[in-house]
Enquirer: 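Quick one: structure below, then a few questions.
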Amino acid sequence: MNVADSEQMAATLAPMGLRISPALESADLIIVNTCSVRAKAEQKAFSVLGQLADLKRRRPDLIVGVAGCVAQQEGARILQRAPHVDIVIGTRAIQRLSEHVRRVAEERCRIVDVDLNIPFAENGTAASAEGAPEKVCRFVTIMRGCDNFCAYCVVPYVRGREVSRPPEEILREIREAVSSGAREVTLLGQNVNSYGQKEGLCTFPELLACVNTIPGLNRIRFTTSHPKDLTADLLKCFARLDKLCPHIHLPVQSGSNRILRRMNRAYTREHYLDKVSELRDTCPEIAITSDMIVGFPGETEADFELTLDLIRKVRFDGLFAFMYSDRPNAPACQFAEKVPDDVSRERLHALLALQDGVTFARNSALVGSLLEVLVEGAGKRSGFGSPATTEPAQWTGRTPGNKIVHLHAEPGAGRIGPGSLARVRIERAMAHSLRGVVDDGAGADGTEKGGAHDAA
Ligand code: SAH
Ligand code: SF4
């Protein structure tokens with residue numbers, strides 16, 4: 001979400017003649033876009049800001065802004081804590097950024113804009129900022145904010161109430177993105193399953209069906225879905241819509257019903273496991289990833305065992321796991337029975353060790369198969385190709401199931417480059433990615449989708 005917001009900020013500033021700077025040292029404007037979902041992210045934001053103080057001392061004309069959730073949460077306090085900051089811009093104020101930058105440049109004033117109640121007019125990111133590379137995969141924000149109030153989460157307080165964008169606006173943005181080179185879009189929201197409900201717009205499955213008809217677009221993804229709102233209609237989309245990738249990020253947070261209740265997640269582990277079965281019945285090759293929190297207040301060894309058991313049962317394709325972190329305003333920071341940090345850390349390590357084994361086993365099961373990969377760009381080893389060609393030696397892309405593949409093409413395999421759909425034979429599984437080679441004669445654009453699945 002922050003990447004999408006940064007792109008939107010860059011697009012908003014482009015008409016002022018501002019371009020993406022290749023180096024921090026030469027920038028006239030620096031915006032630090034921040035996250036406050038965990039205390040660590042917030043500390044990092046302040047550490048980055050601290051590093052800019054010296055640059056501002058040497059170049060007083062430099063304009064420094066702070067955006068995102070920490071900006072929203074801390075507001076004017078940031079101006080006191082960091083005297084070199086000129087602009088504090090909240091999560092719903094992005095469209096006013098250029099106005100603020102102009103004022104600061106002209107009047108050398110300091111501005112705080114953290115009003116959450118002003119309606120958000122999206123500028124769209126289709127017109128990417130000058131200097132930014134055209135991207136094959138784009139994020140498109142379809143809704144902002146969240147009304148769920150999970151007990152641990154700061155998002156409803158720093159991103160405000162849930163608001164959905166009208167479908168016409170979303171479809172226009174995607175069409176424009178496709179005409180400037182995008183082949184894949186990820187529709188973004190804190191809980192996309194409740195898209196449009198409040199405003200009486202179309203439903204999320206209806207929106208997906210419309211996006212599926214956009215010519216030139218190859219792939220659709222979305223994130224994040226809340227398990228409590230995963231409807232039968234959305235499940236069916238995985239069988240019906242040819243462009244919808246067989247991957248769902250479905251954060252579960254815990255395997256214990258007692259903890260899920262305390263978290264205010266509004267579902268049980270049984271409900272979650274049922275949804276996983278239904279997803280796999282509808283789309284056998286679907287990849288399922290999730291988020292997990294360990295050390296939530298009151299979590300006992302028995303609760304944690306239930307989390308491990310759920311991981312063994314589901315066998316996720318990937319998992320993002322976090323130690324619980326107290327967040328301002330979130331009710332859980334008042335909860336008793338805090339789990340000591342060393343216990344949470346131990347649990348996190350045990351959980352990650354279990355999941356690493358599962359991820360590697362799932363990746364290994366793909367060795368030898370043919371998968372469709374959307375090439376996004378040159379791989380890390382690029383630039384070391386044959387001196388006779390300017391082609392990189394290695395490319396990077398993702399499978400329909402969202403697994404990262406580092407691939408190379410044998411001579412004569414056909415041209416590939418960013419935006420190509422390549423048929424790739426998987427040669428090796430790594431801990432968090434795959435390696436493969438473009439299958440003979442099928443490397444060019446236009447490879448049929450659907451034949452190659454990455455279920456393990
Ligand atoms: N809207 C998404 C989650 C957004 S926050 C959803 O409901 O699934 C991304 C992830 O950060 C969450 O899924 C959760 O696992 C983690 N997270 C949020 N608040 C946290 C906290 N206080 N401590 C630790 N992890 C947290
Ligand atoms: Fe946070 Fe829960 Fe909303 Fe996700 S659904 S953003 S975890 S409050």
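Every number for a ligand or one of its atoms is a count from 1 in the order of the listing.
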Enquirer: How does Q253 reach ligand 1, by side chain, by backbone, by both or by neither, if only non-hydrogen atoms under 4.0 Å count?
Expert: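 Just the side chain.
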Enquirer: Out of the candidates D309, T307, D303, only one should pair with S256 under the side-chain hydrogen bond (donor to acceptor under 3.5 Å, both in side chains) rule; please name it.
Expert: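 For S256, the side-chain hydrogen bond (donor to acceptor under 3.5 Å, both in side chains) check succeeds only for D303.
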Enquirer: Does NZ or CZ of R81 lie under 6.0 Å from the centre of the six-membered ring of F46, at an angle within 45° of the ring axis?
Expert: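 R81 over F46 ring: yes.
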Enquirer: Give a yes/no verdict on whether any heavy atom in V37 is under 4.0 Å from an atom of ligand 1.
Expert: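 Under 4.0 Å: yes for V37.
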Enquirer: Kindly say whether the aromatic ring centers of H226 and Y267 come within a distance under 6.0 Å.
Expert: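 Judged by ring-centre distance (under 6.0 Å), H226 and Y267 do meet the cut-off.
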Enquirer: Which bit of Q190 gets closer than 4.0 Å to ligand 1, counting heavy atoms only: side chain, backbone, both or neither?
Expert: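 Under 4.0 Å from ligand 1, Q190 contributes backbone and side-chain atoms.
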Enquirer: Under 4.0 angstrom from ligand 1, any heavy atom of H249?
Expert: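 Flag not set, H249 not near ligand 1.
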Enquirer: Is it the case that atom CZ in R240 sees more than 12 heavy atoms from other parts of the structure closer than 6.0 Å?
Expert: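 For R240, atom CZ is not crowded (no more than 12 foreign heavy atoms under 6.0 Å).
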Enquirer: Report the member of R38, R159, M292, R265 with the shortest heavy-atom distance to atom 25 (N) of ligand 1.
Expert: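 Among R38, R159, M292, R265, the closest heavy atom to atom 25 (N) of ligand 1 comes from R38.
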Enquirer: Is the F360-H432 ring centre distance short of 6.0 angstrom?
Expert: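 Aromatic pair excluded; centres sit 6.0 Å or further apart.
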Enquirer: Return a yes/no value for T224: is any of its N or O atoms, backbone included, closer than 3.5 angstrom to an N or O of ligand 1?
Expert: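 No; the residue has no nitrogen or oxygen that sits under 3.5 Å from a nitrogen or oxygen of the ligand.
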Enquirer: Only one of D147, T224, D229 forms a side-chain hydrogen bond (donor to acceptor under 3.5 Å, both in side chains) with N191, so which one is it?
Expert: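 When side-chain hydrogen bond (donor to acceptor under 3.5 Å, both in side chains) is applied between N191 and each of D147, T224, D229, only D229 qualifies.
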Enquirer: To the nearest 0.1 Å, how far is atom 9 (C) of ligand 1 from its closest protein heavy atom, and which atom is that?
Expert: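 Ranked first by proximity to atom 9 (C) of ligand 1 is D291 OD2, 3.8 Å.
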Enquirer: Which atoms of the protein, restricted to N, O or S, are nearer than 2.8 Å to atom 1 (Fe) of ligand 2?
Expert: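 The answer, once waters are left aside, is C153 SG.
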Enquirer: Between F316 and Y272, what is the ring plane arrangement, given parallel below 30°, perpendicular above 60°, and tilted in between?
Expert: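 Rings of F316 and Y272: tilted, 30 to 60°.
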Enquirer: What do you reckon, does S225 have a nitrogen or oxygen under 3.5 Å from a nitrogen or oxygen of ligand 1?
Expert: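 No, since none of the N or O atoms of S225 sits under 3.5 Å from an N or O of ligand 1.
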Enquirer: Is there any N or O on R327 that sits under 3.5 Å from an N or O of ligand 1?
Expert: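 Checking ligand 1 against R327, no N or O pair falls under 3.5 Å apart.
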Enquirer: Can any side-chain N or O of N212 pair as donor or acceptor with the backbone N or O of K243 at less than 3.5 Å?
Expert: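 At least one qualifying donor-acceptor pair exists.
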Enquirer: Any side-chain to backbone donor/acceptor pair from Y324 onto E299? Under 3.5 Å, distance only.
Expert: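 No; zero donor-acceptor contacts below 3.5 Å.
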Enquirer: Is the shortest N/O to N/O distance between Y324 and ligand 1 below 3.5 Å?
Expert: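 Such a contact does not occur with ligand 1.
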Enquirer: Could you see which bit of P251 sits under 4.0 Å from ligand 1, with heavy atoms only: side chain, backbone, both or neither?
Expert: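 P251 to ligand 1: side-chain contact only, backbone stays beyond 4.0 Å.
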Enquirer: How far apart are the C-alpha atoms of Y157 and F149, what are their side-chain angles, what is the distance that settles it, and do they pass the ring pair (Phe, Tyr, Trp, His ring centres under 6.0 Å) test?
Expert: CA-CA 9 Å; Y157 308 97; F149 294 94; 5.6 Å; yes
Enquirer: Give, for atom CZ of R398 and atom CD of E184, the distance between the pair rounded to the nearest 0.5 Å.
Expert: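 Here the interatomic distance stands at 4.5 Å.
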Enquirer: Assess R265 for proximity to ligand 2: is some non-hydrogen atom of it under 4.0 Å away?
Expert: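 Per 4.0 Å heavy-atom rule, R265 contacts ligand 2.
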Enquirer: If you take the nearest heavy atom of each of S325, S254, A321, which one is closest to atom 23 (N) of ligand 1?
Expert: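 Shortest heavy-atom distance from atom 23 (N) of ligand 1: S325.
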Enquirer: Which word best sums up how the rings of F222 and F238 line up, parallel for under 30°, tilted for 30 to 60°, or perpendicular for over 60°?
Expert: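 F222 and F238: tilted rings.
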Enquirer: Suppose we measure from atom 24 (C) of ligand 1 to each protein heavy atom; which comes out shortest, and what is that distance?
Expert: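 Scanning the protein heavy atoms, the shortest distance from atom 24 (C) of ligand 1 goes to M323 O, 3.4 Å.
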Enquirer: Tell me which donor-acceptor pairs under 3.5 Å the side chains of residues 38-45 have, and how far apart each pair is, sequence neighbours excluded?
Expert:
unit_1 : atom_1 : unit_2 : atom_2 : d
E42    : OE1    : Q73    : NE2    : 3.2
E42    : OE1    : R327   : NH2    : 2.2
E42    : OE2    : Q73    : NE2    : 3.4

Enquirer: Check each heavy atom of Y152 against ligand 1 and say whether those closer than 4.0 Å belong to the side chain, the backbone, both or neither.
Expert: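 Near ligand 1, Y152 shows its backbone as well as its side chain.
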Enquirer: Less than 4.0 Å is my threshold; does some heavy atom of N191 fall inside it relative to ligand 1?
Expert: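 Judged by the 4.0 Å heavy-atom criterion, N191 does not count as contacting ligand 1.
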Enquirer: Using a distance-only test with no angle check, is there a side-chain donor-acceptor pair under 3.5 angstrom linking T399 and E372?
Expert: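 Their side chains do not contain a donor-acceptor pair, so the 3.5 Å distance test is not met.
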